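This is a predicted model, so every value here is computed, not measured. Each ligand, and each atom within it, is numbered from 1 in the order the structure gives.
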Amino acid sequence: MTDFSKTRALFDLPQGITYLDGNSLGPLPKATPARVAQCVQQEWGGHLISAWNACDWMAKPRQLGDRIGRLIGAEPGHTVIGDTLSIKVFQALAAALKLNPERRVILSDTGNFPTDLYMAEGLLKLLPEGYELRTVAPEAVAEHVTEEIAVTLITEVDYRTGRRHDMRALTALAHAKGALTIWDLAHSVGAFPVHLADCQADFALGCTYKYLNAGPGAPAFIYVAPRHADTAEPALAGWLGHKAPFAFDLGYTAGNGIDRMRVGTPPVIQMAALEAALDIWDTVDMDALRARSLELADRFIAAVEAQTDLALATPRDPKDRGSQVSFRHPEGYAIMQALIARGVIGDFRAPDILRFGITPLYLSENEIDQAAATLADILATRSWDDPQFKARKAVT
Ligand SMILES: *Cc1c(COP(=O)(O)O)cnc(C)c1O
């Protein structure tokens with residue numbers, strides 16, 4: 001069992017701040033600066049080019065992939081890190097369409113994060129006529145999984161509302177209709193236990209700078225089910241996905257299994273930060289994390305509803321949500337700015353969502369209560385109704 005009263009001490013959080021934005025950018029683990037400095041000074045500085053072998057840099061994308069794999073229920077050897085999530089969406093989608101060549105429709109939903117949809121649109125421009133991205137309401141996905149669908153491209157947890165799809169049921173339905181599934185785990189990995197192998201997901205991807213706390217610019221990961229690993233065709237045929245990168249052949253031959261989803265040189269310094277972050281995750285019992293996350297989320301919902309008339313945007317039923325709580329208010333942006341000015345950091349998503357990430361590794365009941373009370377005070381006194389809180393910044 002993980003002792004969540006102890007894990008907070010592993011993070012470097014500024015004094016006086018309640019951080020409810022770990023679903024967007026996780027905080028700094030205390031061990032990260034030294035690990036990154038060691039990578040830069042000793043590994044890079046000391047070993048120069050030989051560090052690729054001496055420090056095992058080349059093997060790290062697979063090693064780190066497997067450590068993430070435990071959190072998402074992946075079979076060992078089928079997850080690899082690299083690039084950004086947007087790139088991984090493109091790779092998975094291109095491979096899935098090739099694996100289901102008789103079909104032309106990608107099914108997604110309007111709760112998806114725009115980059116996933118943009119990447120699909122961009123890919124469609126490269127494909128022959130007849131391919132289509134069909135985007136339906138999140139509640140209507142199941143009824144649109146028909147025998148026309150080649151692949152579903154679904155983000156398990158909606159970044160705005162926190163609504164969660166039923167991965168097991170949708171995957172089974174897609175398979176029954178002859179479709180493949182791609183699951184975006186951006187708001188799932190590190191938020192609750194995921195069971196990719198058990199649900200028979202085909203492809204999955206996610207980022208490591210949100211709940212996993214690997215820092216801004218940290219690499220993404222991709223999972224390909226073992227049954228597709230040697231047939232999935234890599235659309236981004238980079239040299240490190242080649243079967244023998246150091247043979248320097250002029251022609252491309254895809255590497256074995258998940259290795260083919262590698263593209264170019266891995267981000268070594270960012271991998272050091274990811275390693276330090278995963279040292280914490282290696283010790284976390286994911287079922288205990290889920291129980292604690294729901295306890296804190298329910299406490300926050302109850303406190304906010306008792307003290308304000310904000311409308312809950314997140315489903316009430318725990319099985320239908322991830323680890324964030326969202327409320328709606330037409331003046332959500334200004335309210336969030338006023339809250340941040342008082343040391344409670346959440347974020348805002350257009351048009352009207354106030355978003356709060358619930359992260360058991362470093363949040364206490366007391367902070368949850370204080371955050372709700374501060375939010376209530378801002379609403380009761382209308383302190384948000386001030387020009388300083390209304391000017392939109394570039395990043396909301
Ligand atoms: C955060 C997020 C992304 C971000 O993609 P990057 O390429 O890492 O910038 C993509 N998809 C979803 C669903 C996200 O929540």
cation_pi(Arg104, Tyr131) dist<6.0 Å, angle<=45: yes

Residues in the immediate environment of ligand 1 (any heavy atom closer than 4.0 angstrom): Thr84, Leu85, Ser86, Phe113, Thr115, Asp116, Thr155, Asp184, Ala186, His187, Tyr209, Lys210

Greater than 12 external heavy atoms within 6.0 Å of Asp309's CG: no

Pairwise side-chain contact, Lys88 with Ile182, heavy-atom cut-off 4.5 Å (strictly under): no

Spacing of CG belonging to Asp347 relative to OG1 belonging to Thr396, to within rounding of 0.5 Å: 6.5 Å

Asp285 and Thr2: side chain donor to acceptor below 3.5 Å: no

side-chain contact (heavy atoms from CB on, under 4.5 Å), paired with Phe221, selected from Leu274, Ile258, Ile81: Ile81

